[in-house]
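Take a look at the structure below.
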Amino acid sequence: MKVKRNLVTSVEKLVRCLASNLYIGKSIFCYDSVDSTNNVAHRFARDDAQSGTVILAEFQTTGRGRNARKWVAQKGENITASVILRPTMPLENLTYLSLLTALSVAQAIEDVVGQRAEIKWPNDVLIRRKKVAGVLVETSARASAVDYVVIGIGLNVNQVQFPDDLAEHATSLFLETGNTHDQTTLFVSLMKYLDANYARLVSGDTESIRKMWSGYCNMFGKHITFYQGDSKREGIALDIDDRGFLKVKIDQREEVLSQAEIQTIRY
Ligand code: BT5
């Protein structure tokens, strides 16, 4: 794993741009190529890296999604980053981390690119129904105490083409706007929103996160299909509750579903 020398000046710039952040971006590491920025973040966290450390890479050889799925992004065209946090809040509030990260991505896109994005529960960011970003939150906990959390973010910025198996469902900011976008500006904005939203979570203000998140979610009131384990189910998405779980009306009954139990939602 080689540190990308020619990004060192821009790392310094990034640290400067994020100096007013309370939590995120105090130290930043940039690489040419890694297996997965989340893997690097886990290694750093186990070696006592401070909370707020950010890992960036131009390329990942084995980028990961949830449940062993793959994240595939062309070298140098996209944001692939991970953030190490050491939250001291109750474990149940951590559900909010993936919600607030998706929210931060949507806010940064809107702010920098002027493009409205949509969040699909729990944490996919879509433009015109295609996925432009994904979030992977991994927690390391001992007993009921959180040791550290890694937040991984993949945002497709300037990628022009996707492999055949992704093309139908994936998009980039370039493909949606017809313009290339400055990755540094986007990244700084994303880290600022993430910092501000994380500060809300630290102060216990999950309600404002829930409200802002809901403003980007078009799922509510819609018929959804999803997989729960191996069974395919359907219902009407109603809302998220104060823990960030999805409320779904199924056969006239209301069920509350966690991120861990639902996969592949369509609506
Ligand atoms: C996610 O998983 O969407 C979380 C993706 C997180 C990626 C970041 S990159 C930095 C950090 N380091 C890592 O190794 N990972 C994180 P999931 O909801 O499971 O979606 C994965 C699915 O998205 C795949 O099975 C594909 O169908 C699709 N996919 C893969 N690459 C994509 C891309 N570049 N754009 C859009 N969709 C993609």
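Index from 1, following the sequence. Every number for a ligand or one of its atoms is a count from 1 in the order of the listing. Note that the structure is predicted; figures quoted are calculated from it, not measured. Every heavy atom of this structure was used, including side-chain atoms; hydrogens, water molecules and symmetry mates were not.
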Using a 6.0 Å cut-off, check whether atom NZ of K70 has over 12 heavy atoms from anything other than its own residue.
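No, because the 6.0 Å sphere around NZ of K70 holds 12 heavy atoms or fewer from other groups.
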Parallel, tilted or perpendicular, judged at 30° and 60°: which one describes the rings of F44 and Y31?
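The arrangement is perpendicular - the two ring planes meet at more than 60°.
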Does a side-chain N-to-carboxylate-O contact under 4.0 Å join R233 and E255?
yes
Is the ring centre of H169 less than 6.0 Å from the ring centre of F162?
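Centroid separation for H169 and F162: 6.0 Å or greater.
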For ligand 1, list all ligand N or O to protein N or O distances below 3.5 Å, rounded to 0.1 Å.
residue	atom	partner	partner atom	Å
ligand 1	2 (O)	R66	N	3.2
ligand 1	3 (O)	K131	NZ	2.7
ligand 1	12 (N)	T37	OG1	3.1
ligand 1	12 (N)	Q60	OE1	2.8
ligand 1	14 (O)	S36	OG	2.7
ligand 1	14 (O)	Q60	OE1	3.4
ligand 1	14 (O)	R64	N	2.7
ligand 1	15 (N)	R64	O	2.8
ligand 1	18 (O)	R66	NE	3.3
ligand 1	18 (O)	R66	NH2	3.1
ligand 1	18 (O)	K131	NZ	3.3
ligand 1	19 (O)	R66	N	2.8
ligand 1	19 (O)	R66	O	3.4
ligand 1	19 (O)	R69	NE	2.7
ligand 1	19 (O)	R69	NH2	3.0
ligand 1	20 (O)	K131	NZ	3.0
ligand 1	31 (N)	V72	N	3.1
ligand 1	34 (N)	V72	O	2.8
ligand 1	34 (N)	N156	OD1	3.2
ligand 1	35 (N)	N156	ND2	2.8

What are the two closest heavy atoms between Q159 and Q161, and how far apart are they?
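Heavy atoms of Q159 and Q161 come nearest at NE2-O, 2.9 Å.
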Quick one: which of L18, V15, I84, I28 gives a side-chain contact (heavy atoms from CB on, under 4.5 Å) with V54?
I28
